[in-house]
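Note sheet for the following structure.
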Amino acid sequence: LLEESIKDEL
Amino acid sequence: MNVFRFAGDMTHLISILVLLLKIYTTKSCSGISLKTQELYAVVFVTRYLDLVTDFISVYNTVMKVVFISSSLAIVWCIRRHKVVRRSYDKELDTFRHWLLVGACAVLALVVHEKFSFQEVCWAFSIYLEAVAILPQLVLLQRSGNVDNLTGQYVFFLGAYRAFYILNWIYRYYSEQHFTRWISCVSGIVQTALYADFFYYYFISWKNNSKLQLPA
């Protein structure tokens, strides 16, 4: 399950 | 990407555009804290280290480039631009912001998600962003009168993180294991720092009077 990490936030 | 986060990013972008507009149209940086702008430049550089290593989306990359380049451009303007630099309130902008940098660096070395260079820098940038506005708020209180564009700049800058808090609440309920306390706690502290500014900003807006911060 691809854990959408918070690092995709600005 | 959810609507709260998009609204937050757009509000953040607007705050930067308002600041650039003020500096460009008035050729003046009076009322703007160079120290806060320097802290933001450090925040963006240390947070977007993955700019060249991880590609997340065109939007993500473009926004990172815009934030880094605009913050560096603003610092350059206030420091080097032959006209703008003359209006810098050097004697009012005396917050010892390197203390904030040191404190956030120590905190990031103690509290982080993983002990890696990138993660510690990321945590550092999150903590630093929370307090980066302090020199600016102190300067506004010292200079007393706040011109419209500066007031709008600080308002949008505060509003963006408030949208991010809604984004974290939304992600907490919509994604199984979304728990990022570092960002959430730091974001709440950041927004809380604007509380009194928002109060006086609302009062001035309601009375349609000039924004006055109590010294």
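All chains are named by letter (A, B, ...) in the order of the sequence lines, taking the proteins before the strands, and each is independently numbered beginning at 1.
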Between A:Glu9 and B:Asn60, do the side chains contain an N or O donor and an N or O acceptor separated by less than 3.5 Å?
no
Within a 6.0 Å radius of atom [atom1] on [X], are there more than 12 heavy atoms belonging to other residues, nucleotides or ligands?
X: B:Trp205; atom1: CH2; value: no
X: B:Phe198; atom1: CZ; value: yes
X: B:Tyr173; atom1: OH; value: no
X: B:Tyr59; atom1: OH; value: yes

Report the distance from atom CG of A:Leu10 to atom CG of B:Asp9, rounding to the nearest 0.5 Å.
4.5 Å
From CG (B:Asp54) to CG (A:Asp8), nearest 0.5 Å:
11.0 Å
Do the non-hydrogen side-chain atoms of A:Lys7 and B:Arg47 ever get within less than 4.5 Å of each other?
no
Under 4.5 Å from any heavy atom of chain A, what part of [X] do you find: side chain, backbone, both or neither?
X: B:Phe44; answer: neither
X: B:Asn167; answer: side chain
X: B:Gln118; answer: neither

For B:Trp98, check ring pair (Phe, Tyr, Trp, His ring centres under 6.0 Å) against everything at least two apart and list the hits.
none
Close approach to chain A in residues 14-35 of chain B, criterion heavy atom under 4.5 Å
none
Could you name the residues of residues 62-72 of chain B that have a heavy atom within less than 4.5 Å of a heavy atom in chain A?
B:Met63, B:Lys64, B:Phe67
Once side chain to side chain donor-acceptor pair (under 3.5 Å) is applied, do any residues pair with B:His12, and if so which ones, sequence neighbours excluded?
none
